[in-house]
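For clarity, every value in this text was computed on a predicted model and none was experimentally measured. So that the names make sense, note that chain A is the first sequence line, chain B the second, and so on, each numbered from 1.
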Number of protein chains: 2
Amino acid sequence: MDHSHNKINTGSFDTSGNILKFLTPNQLNYLNEIRHVVKFNKGENIFKQGAPMPHIIVLEKGMAKVFLEDGANRSIVLRLVKSGEILGGPGFFTDYKHHFSVTALEDSVAHFIEISVFKKLIQDNSDFAIVLIAYLNKAHINFYNRLKVISHKQMNGRLANTLIYLSNTIYNSSSFDTNLTRQDLADMSSMTKESTIRILKDFKSSGIIECSNNHFEINDQEALANILENG
Amino acid sequence: MDHSHNKINTGSFDTSGNILKFLTPNQLNYLNEIRHVVKFNKGENIFKQGAPMPHIIVLEKGMAKVFLEDGANRSIVLRLVKSGEILGGPGFFTDYKHHFSVTALEDSVAHFIEISVFKKLIQDNSDFAIVLIAYLNKAHINFYNRLKVISHKQMNGRLANTLIYLSNTIYNSSSFDTNLTRQDLADMSSMTKESTIRILKDFKSSGIIECSNNHFEINDQEALANILENG
DNA sequence: CATTACAATTGATATATATCATCGTCAATT
DNA sequence: AATTGACGATGATATATATCAATTGTAATG
């Protein structure tokens, strides 16, 4: 059941990146031959912030959480990654280190592509270079929106934004189960887990959502959008 | 007097972008022939968020403020731009609109380069494409740092960050005059102008800085760095 | 089944921060 | 010289949010 044609981009999380489809058939075949396949269990690190970046990674199956580690116990979830999406990062062409960490939210399968190979794809295919630039620019636009939400919206709006993102962009349904913890939701919304819990409770008692443990239902999408916009 | 070799990147504002120097001599000559030169007075808009983006702009002289306009009276200053730097934006290869506004902080001179010309530079020179990708990735890294500062530091730390940026990256001196208002400093630090004023006062009475109107002196860089880091 | 570990919840409280109203100051304009 | 308007400054207050401590639930483990 693919609802992706209905996708509404909330705009404040990093954009998805399935850009490999713009490679030539030859390039894709070559990639298929030389890639390494690795399985990850739920909860395992796919890579860690600060580590060297010898590979570009494509998530073939599962789901992962991309997040910044910011000192003791604090993190910022940048986005969730679904199968088909690419996991590069700004270390590419700069310091070749990972600037964020990635953890599997479900049992997942990833393909590893060596950096030198990826670099060659760009040099040999100027259309692909342009697609990559466009992809980075879209990520930039989403960052601007995230900055706006974090800087100028208060907690209700920020959590509404997170719920809309999960419903519209990640799970493509108003009803979903998730492995994200309350702490993860908090790290997506720049607040504490206690505040997250309290606001979820408010949303529940207003009838806007229902949730228990890891099951969520968005009853009133419009109300959420309104909370994001106005308060 | 160029101190740029001493530049320390604070990391939480968008990176500077003088990337045209990576063009070939031929390309640079061509650019010189076809560019349009425009003067802006202090306080004038160079371009506005939401407007179409027919040109890439190079600031040849002066200084400008790059900021997001976020609803009634709220803005977020992304960075300051000095002469030699490029003013593109994430509309490039995406929707060809401006996603931020730029205002001259001093009397300035800008060169306008048509988008189609810039696009051709990228297509004809794959090294330049790579430089551009690296530039975008560096901007990404700085965004991550900005997210960390905004999400997890409180006001003292955020304002310290802004002062360090001005001193180390923009004015390259512990003593500087600026056309930025208290509201601008607030918009760089995600807080209100009143809070900015109060914290500046605190910093003054602690002997960390001196300031009156538009003159600033950083007496204790180390203390500022410490406030940014620990509180 | 008992035990452990971790996640979710709740309430009380402290703190950080914004808002509002007001006033002074300086420079530009009439 | 009078007027305006923007900016800077300050105090009083309201609000948003984090922190701390305790309790309950829940799922994995032996």
Side-chain angles (χ1 to χ4, degrees), chain A residues 41-44 65 70-77 103 105-107 149-162 177-205 209-216 227-228 230-231, chain B residues 41-44 65 70-76 103 105 149-162 177-205 209-216 227 230-231:
Chain A
N41 295 321
K42 173 182 164 182
E44 283 184 328
K65 171 179 80 164
D70 184 21
N73 296 333
R74 298 194 177 269
S75 22
I76 299 168
V77 172
T103 299
L105 285 171
E106 311 167 353
D107 292 350
V149 171
I150 291 182
S151 294
H152 294 325
K153 302 290 182 189
Q154 40 196 71
M155 293 197 300
N156 286 27
R158 302 205 298 271
L159 187 59
N161 180 58
T162 296
D177 292 277
T178 180
N179 287 329
L180 294 166
T181 65
R182 299 294 187 267
Q183 182 66 58
D184 287 328
L185 296 180
D187 293 341
M188 299 175 80
S189 314
S190 291
M191 59 206 229
T192 61
K193 67 175 186 310
E194 290 94 335
S195 293
T196 301
I197 288 165
R198 279 183 249 267
I199 295 169
L200 284 177
K201 197 179 164 191
D202 283 355
F203 286 175
K204 265 200 280 197
S205 63
I209 67 168
E210 285 169 51
C211 70
S212 70
N213 284 332
N214 57 358
H215 181 73
F216 287 76
I227 288 169
L228 167 56
N230 305 315
Chain B
N41 295 322
K42 173 183 166 182
E44 283 184 328
K65 173 179 77 164
D70 185 22
N73 297 332
R74 298 194 177 269
S75 25
I76 299 169
T103 299
L105 285 171
V149 171
I150 290 182
S151 294
H152 293 325
K153 303 291 181 188
Q154 41 195 71
M155 293 198 299
N156 286 27
R158 301 206 299 272
L159 187 57
N161 180 59
T162 296
D177 292 277
T178 180
N179 288 328
L180 294 166
T181 65
R182 299 294 187 267
Q183 182 66 59
D184 288 328
L185 296 179
D187 292 340
M188 298 174 80
S189 313
S190 291
M191 58 205 226
T192 61
K193 67 176 186 309
E194 290 93 333
S195 294
T196 300
I197 289 166
R198 280 184 249 268
I199 295 169
L200 284 176
K201 196 179 164 191
D202 284 354
F203 287 175
K204 266 200 279 196
S205 64
I209 68 169
E210 284 169 52
C211 71
S212 70
N213 285 331
N214 58 359
H215 181 74
F216 288 76
I227 288 168
N230 305 314

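Within 6.0 Å of atom CG in B:N73, 12 or fewer heavy atoms from other residues, nucleotides or ligands are found, so the atom counts as exposed in its surroundings.
For B:S189 (side chain) and B:M191 (main-chain N/O), no donor-acceptor pair under 3.5 Å exists by modelled atom type. No donor-acceptor pair under 3.5 Å is formed between the side chain of B:R158 and the backbone N or O of B:V149. Checking side-chain atoms of B:S190 against main-chain N and O of B:A186 turns up no donor-acceptor pair under 3.5 Å.
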Just the atom pairs and distances: protein N or O near nucleotides 20-22 of chain D's N or O, under 3.5 Å.
from, atom 1, to, atom 2, distance (Å)
D:dC20, N4, A:E194, OE2, 3.3

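How far CG of A:L200 is from OG of A:S212: 11.5 Å, rounded to the nearest 0.5 Å.
The side chain of A:S195 sits closest to D:dT17 out of D:dT17, D:dC7, C:dA8. Considering only side-chain atoms of B:R182, the nucleotide from D:dG8, C:dT17, C:dT10 that sits closest is D:dG8. Comparing C:dT9, D:dG11, D:dC7 against the side chain of B:K201 picks out D:dG11 as the nearest. Listed nucleotides: D:dA18, C:dA18, C:dT10. Nearest to the side chain of A:I197: C:dT10.
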Base contacts versus sugar-phosphate-only contacts with protein, heavy atoms under 4.0 Å: please encode nucleotides 22-30 of chain C as B, S and - from 5' to 3'. ---------

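Using a 4.5 Å cut-off on side-chain heavy atoms (C-beta onward), A:K42 and A:N179 make contact. For the pair B:F216/B:L185, a side-chain contact is recorded, criterion being any heavy-atom separation below 4.5 Å from C-beta on.
When all heavy atoms of B:G43 and B:T103 are compared, the pair lying nearest together is O-CG2, 3.5 Å.
Where B:L200 and A:N156 each meet DNA chain D at their nearest nucleotide, the meeting point lying more 5' is that of B:L200. Residues A:M155 and B:C211 both approach DNA chain D. Their nearest nucleotides, taken by heavy-atom distance, put B:C211 toward the 5′ side.
For the segment residues 183-192 of chain B, residues with any heavy atom less than 4.0 angstrom from an atom of DNA chain C are, sorted by number, B:M191, B:T192.
With sequence neighbours excluded, no residue satisfies side chain to side chain donor-acceptor pair (under 3.5 Å) with A:H152.
The overall bend of the helix from C:dC1-D:dG30 to C:dT30-D:dA1, read as the angle between its terminal helix axes built from five base pairs each, is 30° when rounded to 10 degrees.
Residue pairs meeting the salt bridge (charged side-chain N to carboxylate O under 4.0 Å, His left out) criterion with at least one partner in residues 184-204 of chain A, sequence neighbours excluded, are A:K65-A:D184.
Separating the CG atom of A:D202 from the C1' atom of C:dG11 is a distance of 14 Å, rounded to the nearest angstrom.
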